[in-house]
Visitor: 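The structure under discussion is supplied below as structure tokens; questions concerning it will follow.
Not measured: the values here are computed from a predicted model. By convention in this document, chain letters (A, B, ...) are assigned in the order of the sequence lines, proteins followed by strands, and residues within each chain are numbered from 1.
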Amino acid sequence: MTDLEKIAEKWQKKWKKAKIFEVKADSKKKKYYVLEMFPYPSGKLHIGHVRNYSIGDALARFKRMQGFNVLYPMGYDALGLPAENAAIKGKTQPREWTYQRIKEMKKQQEMLGFSYDWNRSYATSDESYYKWNQWLFEKFYEKGLVYKKNAIVNWCDSCSTVLANEQVVNGKCWRCKNEVKEKELEQWFLKITGYTEELLKDLNKLEHWPERVKLMQENWIGKSNGVNIKMKIKDTKEVIETFTTRHDTIYGMTFIVISPEHKKVLDWVKGKEIKGKVKEFIEKVKKESLIERTSTKRKEKRGLFLEKYALHPFTGKEIPVYTADFVLQDFGTGIVQAVPAHDQRDFDFAKENNLPIIVSVQPEEKELKAEEMQEAFEGYGILANSGEFSGMSSEKALDAIADKLEKSGQGKRAIAYKLRDWLISRQRFWGTPIPVIYCEKCGVQLVPEKELPVKLPEKAEFTGKGNPLNSVKEFAETKCPKCKGKARRETDTMDTFFDSSWYFLKYCSPTKEKIFERKETEYWMPVDQYIGGIEHAIMHLIYARFFTKAIRDLKLLKIDEPFEKLLTQGMVLKDGKAMSKSLGNAVDPGEIIEKFGPDTARVFILFASNPESELEWSEKGSETAFRFLNRISSLMQENLNKAKKKKKLNSKKERLLQSKIQRTVKNTTEFIEKLELNKAVSELMQLTNELQKFEEKNSEVFWSGIEKLILMLNPFAPHLSEELWEKTKGKGFSSLEKWPEFDKKKIDLTVEKEEEFLNSVKKDVEHIKELVKKEKTEKVKVFVAPKWKWKLLKKLFKEKEKTENKRIEFGQAMKKAAELEKTHKKELKGFVQNAVKKLNEMQEFIEIKEMEVLKENLKELEKEFEAETELVKAEKSKEQKAGNAFPLKPAILIE
RNA sequence: GCAUGGGUAGGAAAGUCCGGUCAAAUCCGUGGGGUUUAGGACCCCAUCCCUUAGUGGGUUCGCAGGUUCGAAUCCUGUCCCAUGCACCA
């Protein structure tokens with residue numbers, strides 16, 4: 001309601017004025033760096049943004065209250081296509097459009113009351129930011145981490161630019177979902193493959209990353225251990241190399257497949273009759289979009305015989321060489337040994353082309369016969385038809401065969417990765433200009449450091465065709481920095497993922513003179529908690545890790561990994577579907593803020609679901625949150641007049657409430673620490689209920705509960721927290737208060753457990769009653785026995801069951817008592833005895849004529865069954881090993 | 001196909017690591033009552049099924065088995081769902 005809105009505005013102003021969220025590096029203080037993935041400024045805040053920032057702000061506020069020096073910044077990933085598309089559509093320029101959106105977005109963020117240090121904010125489209133993109137590019141160039149090459153690249157028609165491999169999702173453009181084509185172009189690459197091993201290995205260091213993200217990166221890197229095998233081509237001096245991880249099947253090789261893009265293919269068919277056919281085939285493959293080519297739905301494999309034979313390295317047999325579309329150019333060597341018996345793809349191809357099948361690995365269960373096989377056997381087994389290796393297991397053969405290849409110089413162990421170098425050229429305007437000049441005489445020249453940044457022109461024409469930078473003469477035409485002659489500027493710009501690969505470093509020290517102040521940056525880094533969407537699991541998160549390592553190797557920083565903890569938040573759904581503009585089902589968070597204020601929006605979104613799970617949007621949900629906040633508010637304000645004459649009480653109820661308050665403090669703290677914020681809110685709701693039910697609203701406990709509740713509310717509903725804090729205390733900021741600390745001493749276990757315990761006893765008694773009724777007996781014996789004696793008891797009574805018609809059952813109350821006595825020895829001295837007493841008293845309620853309660857009186861029984869003492873001992877040590885506290889339980893004997 | 005994470009009351013979502021206090025927190029929804037000019041809001045009670053004044057009984061935590069005196073919780077198998085990867089040799 002407007003009330004909450006007014007409060008929000010009031011406190012946002014106060015915070016700003018008092019500058020309470022501005023921070024400085026201070027080596028004396030413990031730091032904590034909370035970071036959300038910065039947004040692309042599309043203008044309006046999406047509900048997913050609200051969720052993202054509500055999580056981050058809750059943590060930032062929590063850590064701040066715990067006494068940490070908290071860095072919590074916000075910025076804008078402001079370069080990129082949408083601005084340019086807007087320019088094509090309308091009369092605006094990308095710059096104008098972008099900064100307008102940033103303004104709008106920032107306003108909304110401020111309305112929500114996030115505790116950012118706005119002083120450190122920037123946009124990647126600021127010249128003072130992208131200057132350092134260019135600077136880094138040059139440093140990387142000098143280090144050999146940047147290179148230009150002619151390559152087959154992924155081309156998106158609708159974005160009219162190339163894409164990195166990471167940006168191709170299922171053969172489609174990650175942004176516009178258009179099908180991606182192959183195109184041959186000269187482009188700039190970053191040598192991320194120089195860090196493949198480290199990127200893979202260091203995943204182990206990331207203990208606090210979600211397993212699935214690490215797994216996705218691992219898969220993306222795609223390491224395969226295998227061998228490269230050299231094979232001579234018959235009647236020539238040529239040697240080709242195949243890569244395989246299954247060299248144990250080498251004797252099953254019946255043909256070779258080379259990828260259609262491989263240079264050798266055209267070489268080989270030169271001047272031959274099949275040339276035409278082969279060329280046609282290659283063209284066909286190239287024209288196919290990636291999605292068609294890699295579809296698993298298509299089973300048939302297309303290929304051609306190249307009229308060449310390779311010689312088997314061990315047997316010297318002639319092996320025909322084919323080219324086929326199922327072999328990829330850029331994995332391994334682009335050539336594979338085909339073993340139809342043990343690889344499904346090879347099997348399919350062999351069947352279609354009538355190629356022989358040789359079984360070289362036999363599974364253990366049955367014997368394979370080549371003629372009868374319906375599918376390939378891809379498992380490990382025992383080698384057959386494999387010369388000297390026949391009879392060996394696959395596992396052993398892998399090593400033995402690799403050894404033999406290496407010794408004979410016919411091959412060596414090799415590792416292949418799926419990860420390729422990162423293509424960063426983009427044929428677009430609104431990106432960081434690549435600081436390179438092409439001179440006819442001097443070739444590729446870097447723009448001298450002093451001349452950085454290479455600025456984007458103020459204006460350009462956006463026709464939607466080609467890169468607008470090409471048509472800006474002042475930009476494209478330049479002089480060679482070396483010979484001062486006529487030269488042309490690189491008009492490709494950088495992939496915007498370049499910008500976001502190091503932006504978290506810039507927040508640490510917003511200086512303009514350097515890329516960053518080392519000392520400050522090293523103080524703040526690494527990011528302690530990073531929060532963002534799962535969609536960046538590979539692209540952004542692997543690039544950022546790569547940059548951090550590369551920057552370390554430039555000796556600019558000493559940090560290996562940028563993000564200590566990672567939380568990947570779930571999506572916000574409506575009717576089970578992701579919300580999106582294109583589906584037209586997006587909820588505007590602005591409406592809720594207007595209706596209920598920012599606190600409500602935040603509490604609702606945090607309470608509705610665990611941050612990692614998906615969140616189902618509901619209209620009612622925000623009302624709940626709103627009511628909850630109002631309830632706290634009125635609970636406090638209605639009783640404010642009673643606060644002055646606080647009474648000290650010492651009733652059981654009061655002690656129970658005190659315990660409850662402490663439990664809430666403990667649980668809430670732990671939940672926020674684990675970022676299980678929905679549970680934290682639930683805890684606060686429970687405490688609110690308890691406080692409301694508590695009758696003595698003028699008591700000290702009640703008010704200490706209220707105070708703690710208000711403080712613990714700050715991370716979730718900061719404005720209301722401040723308002724209520726001011727009302728109780730008269731001054732100050734709750735945001736600057738100390739987070740309530742759990743005080744074990746204030747928990748009154750005795751009282752707390754009493755009821756619980758009595759209930760247990762009651763249950764046991766009731767159980768006894770029931771048994772009595774069923775068994776129609778009038779006599780009951782209750783033994784209180786350690787658990788390790790149960791086995792014995794059981795045996796004992798099994799006998800009696802037969803001979804004397806007696807039964808045994810086990811209760812639980814005494815166990816409870818015993819456990820408590822053990823873990824809380826001092827507080828609960830004599831609890832067990834009490835329990836026994838209670839149990840005796842309970843007899844009154846049971847219509848049993850005779851009931852004995854005996855504690856550990858089993859010695860006599862043991863004597864009766866002396867042979868069983870060994871059993872008892874064994875059970876006892878087993879229990880103790882398992883660390884069971886004090887497994888004392890009553891055994892009930894019915895006679 | 002491979003990998004990971006899940007399946008809990010009308011809905012969302014705790015509890016599962018560490019078995020007994022679990023017919024199972026919390027929130028919504030639904031029903032009843034109080035307050036209110038009405039609506040809303042607020043407060044109280046109920047909400048798996050049968051039964052009672054309190055109470056008692058029955059059936060539940062995807063499905064099927066197993067371990068145990070005792071299983072939502074441990075073990076085995078199985079089905080379903082979500083996400084990611086996928087002609088990677």
Visitor: Can A:R302 and A:E352 be counted as an ion pair, charged N to O under 4.0 angstrom?
Guide: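 The answer is no: the pair does not qualify as a salt bridge.
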Visitor: Answer yes or no: does atom NZ of A:K412 have more than 12 heavy-atom neighbours from other residues, nucleotides or ligands under 6.0 Å?
Guide: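 Atom NZ in A:K412 is not packed in, count stays at 12 or less.
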Visitor: Nearest whole Å is fine: how far is B:rU26 P from A:N667 CG?
Guide: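 It works out to 14 Å between those atoms.
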Visitor: Using whole Å, what does the distance between atom C1' of nucleotide B:rC85 and atom CE of A:M539 come to?
Guide: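 Computing the A:M539:CE to B:rC85:C1' distance gives 15 Å.
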Visitor: Is A:K674 salt-bridged to A:E670, going by a charged N under 4.0 Å from an acidic O?
Guide: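 No, this pair does not count.
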Visitor: Taking A:I192's backbone N and O only, do any of them form a donor-acceptor pair with A:D421's side chain (distance below 3.5 Å, no angle check)?
Guide: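 Yes: the side chain of A:D421 pairs with the backbone of A:I192.
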Visitor: Heavy atoms under 4.0 Å, any strand shown: does A:Q692 hit a base, just sugar-phosphate, or nothing?
Guide: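 Sugar-phosphate: the residue A:Q692, judged by heavy atoms under 4.0 Å, touches backbone atoms but no base.
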Visitor: Starting from C1' on B:rC17, measure out to CD on A:E670 and report it in whole angstrom.
Guide: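 So the two atoms are 14 Å apart, to the nearest Å.
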Visitor: A:E211 or A:S613: which one's nearest nucleotide on RNA chain B is closer to the 5' end?
Guide: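 Residue closer to the 5' terminus by nearest nucleotide: A:E211.
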Visitor: Expressed as a whole number of Å, how far does the P atom of B:rU16 sit from that of B:rC69?
Guide: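 Going atom to atom, P in each nucleotide, I get 24 Å.
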Visitor: How many whole angstroms separate atom CG of A:N610 from atom P of B:rG7?
Guide: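 It works out to 12 Å between those atoms.
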Visitor: Can you tell me the pairing partner of B:rC85 across any strand shown, Watson-Crick or G-U wobble, with both distances under 3.5 angstrom?
Guide: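 With both distances under 3.5 Å, B:rC85 matches B:rG1.
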Visitor: Does A:A416 reach a base, just sugar-phosphate, or nothing at all? Heavy atoms under 4.0 Å.
Guide: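 If one applies the 4.0 Å heavy-atom cut-off, A:A416 turns out to touch nothing in the nucleic acid.
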Visitor: So, taking the atom named OG in A:S682 and the one named CG in A:L606, what distance separates them when rounded to the nearest 0.5 Å?
Guide: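 Between A:S682 OG and A:L606 CG, I get 13.0 Å after rounding to 0.5 Å.
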Visitor: Just compare B:rA13, B:rA25, B:rC27 and give me whichever is closest to any side-chain atom of A:M685.
Guide: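 Selected nucleotide (nearest to the side chain): B:rC27.
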Visitor: Of the candidate nucleotides B:rC27, B:rC88, B:rC87, which contains the atom at the shortest distance from the side chain of A:R420?
Guide: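 Selected nucleotide: B:rC88.
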Visitor: In plain terms, say whether A:D343 and A:R246 are close enough for a salt bridge, that is, a side-chain N and a carboxylate O under 4.0 Å apart.
Guide: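 Salt bridge flag = no for A:R246 with A:D343.
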Visitor: Strictly by Watson-Crick or wobble contacts shorter than 3.5 Å, is anything paired with B:rA46, and which nucleotide is it?
Guide: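 The base-pairing partner of B:rA46, which may sit in any strand shown, is B:rU30.
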Visitor: Can you tell me the distance, in whole Å, between the CD atom of A:Q344 and the C1' atom of B:rA89?
Guide: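 Rounded to whole Å, this separation is 14 Å.
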Visitor: Report the nucleotide, chosen from B:rA89, B:rA13, B:rA3, that has the shortest atom-to-atom distance to any side-chain atom of A:N678.
Guide: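 The answer is B:rA13.
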Visitor: Quick one: which of B:rC87, B:rA89, B:rU26 gets closest to the side chain of A:D325?
Guide: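 Nearest listed nucleotide: B:rC87.
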Visitor: Is it the case that A:E166 and A:W220 place a side-chain donor and acceptor less than 3.5 Å from each other?
Guide: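 A:W220 and A:E166 do have a side-chain donor-acceptor pair below 3.5 Å.
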Visitor: For the pair A:F349 and A:F255, evaluate ring pair (Phe, Tyr, Trp, His ring centres under 6.0 Å) and give the outcome as yes or no after the intermediate values.
Guide: CA-CA 10 Å; A:F349 192 79; A:F255 55 101; 5.5 Å; yes
Visitor: If we take the C1' atom in both B:rU36 and B:rC43, what is their distance in whole Å?
Guide: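 Roughly 12 Å separates the two C1' atoms.
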Visitor: What's the CZ-P distance between A:F628 and B:rA12, to the nearest Å?
Guide: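 Roughly 23 Å, once rounded to whole Å.
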Visitor: Sticking with atom P, work out how far B:rA71 lies from B:rA13, rounded to a whole angstrom.
Guide: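 Straight-line distance between the two P atoms is 28 Å.
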Visitor: Return the pairing partner of B:rU37 with a 3.5 Å limit on both distances, Watson-Crick or G-U wobble; otherwise return none.
Guide: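 Per the H-bond distance test, none.
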Visitor: Expressed as a whole number of Å, how far does the P atom of B:rC79 sit from that of B:rC28?
Guide: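 Approximately 39 Å lies between the P atom of B:rC79 and that of B:rC28.
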Visitor: Could you tell me how far apart A:L684 (CG) and B:rC27 (C1') are, to the nearest whole angstrom?
Guide: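 Rounding to the nearest Å, CG of A:L684 and C1' of B:rC27 are 14 Å apart.
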Visitor: Return the nucleotide paired to B:rG19: Watson-Crick means purine N1 to pyrimidine N3 with N6-O4 or O6-N4, wobble means G-U with N1-O2 and O6-N3, both under 3.5 Å.
Guide: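 B:rG19 is paired with nothing.
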Visitor: Could you tell me how far B:rA24 sits from B:rA72 if I compare only their C1' atoms? Round to whole Å.
Guide: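 Here B:rA72 and B:rA24 have their C1' atoms 8 Å from each other.
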Visitor: For A:G332 and A:W220, find the nucleotide of RNA chain B closest to each by heavy atoms; which residue's nucleotide sits nearer the 5' end?
Guide: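 The answer here is A:W220.
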Visitor: Expressed as a whole number of angstroms, how long is the span from A:R631:CZ to B:rC27:C1'?
Guide: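 Spelled out: CZ on A:R631 to C1' on B:rC27 is 10 Å.
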Visitor: Taking atom P in both B:rG40 and B:rC48, what distance in whole Å separates the two?
Guide: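 The answer is 25 Å between these two P atoms.
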Visitor: Indicate, with a heavy-atom threshold strictly under 4.0 Å, whether A:R212 touches base, sugar-phosphate, or nothing.
Guide: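 Sugar-phosphate, no base atom in range.
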Visitor: Can you tell me the pairing partner of B:rA71 across any strand shown, Watson-Crick or G-U wobble, with both distances under 3.5 angstrom?
Guide: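 Across all strands, not a single nucleotide pairs with B:rA71.
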Visitor: Using the C1' atom as the reference point in each nucleotide, state the distance between B:rU67 and B:rA9 in Å, no decimals.
Guide: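 These two C1' atoms come out 28 Å apart once rounded.
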Visitor: Closest approach to the side chain of A:F607, judged atom by atom: which nucleotide of B:rC27, B:rC87, B:rG84 is it?
Guide: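 Closest nucleotide among those given: B:rC27.
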Visitor: Any base atoms under 4.0 Å from A:D346, or only sugar-phosphate, or nothing? Heavy atoms, all strands.
Guide: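 No contact at all - A:D346 keeps every heavy atom at 4.0 Å or more from the nucleic acid.
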Visitor: Could you check which of B:rC87, B:rA3, B:rA89 has an atom nearest any side-chain atom of A:L215?
Guide: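 In terms of side-chain proximity for A:L215, the closest of B:rC87, B:rA3, B:rA89 is B:rA3.
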Visitor: Classify the nucleic acid contact of A:K679 as base, sugar-phosphate or nothing, counting any heavy atom under 4.0 Å across all strands shown.
Guide: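 It contacts sugar-phosphate atoms only.
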Visitor: Any side-chain N or O of A:S224 below 4.0 angstrom from OP1/OP2 of B:rA89?
Guide: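 Answer yes for this pair, as a side-chain N or O of A:S224 is under 4.0 Å from OP1 or OP2.
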Visitor: Under 3.5 Å for both donor-acceptor distances, Watson-Crick or wobble: does B:rA25 have a partner, and if so which one?
Guide: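 None - no nucleotide pairs with B:rA25, as no candidate has both distances under 3.5 Å.
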Visitor: If the P atom of B:rC88 is compared with that of B:rA14, how far apart are they to the nearest Å?
Guide: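 It works out to 38 Å between them.
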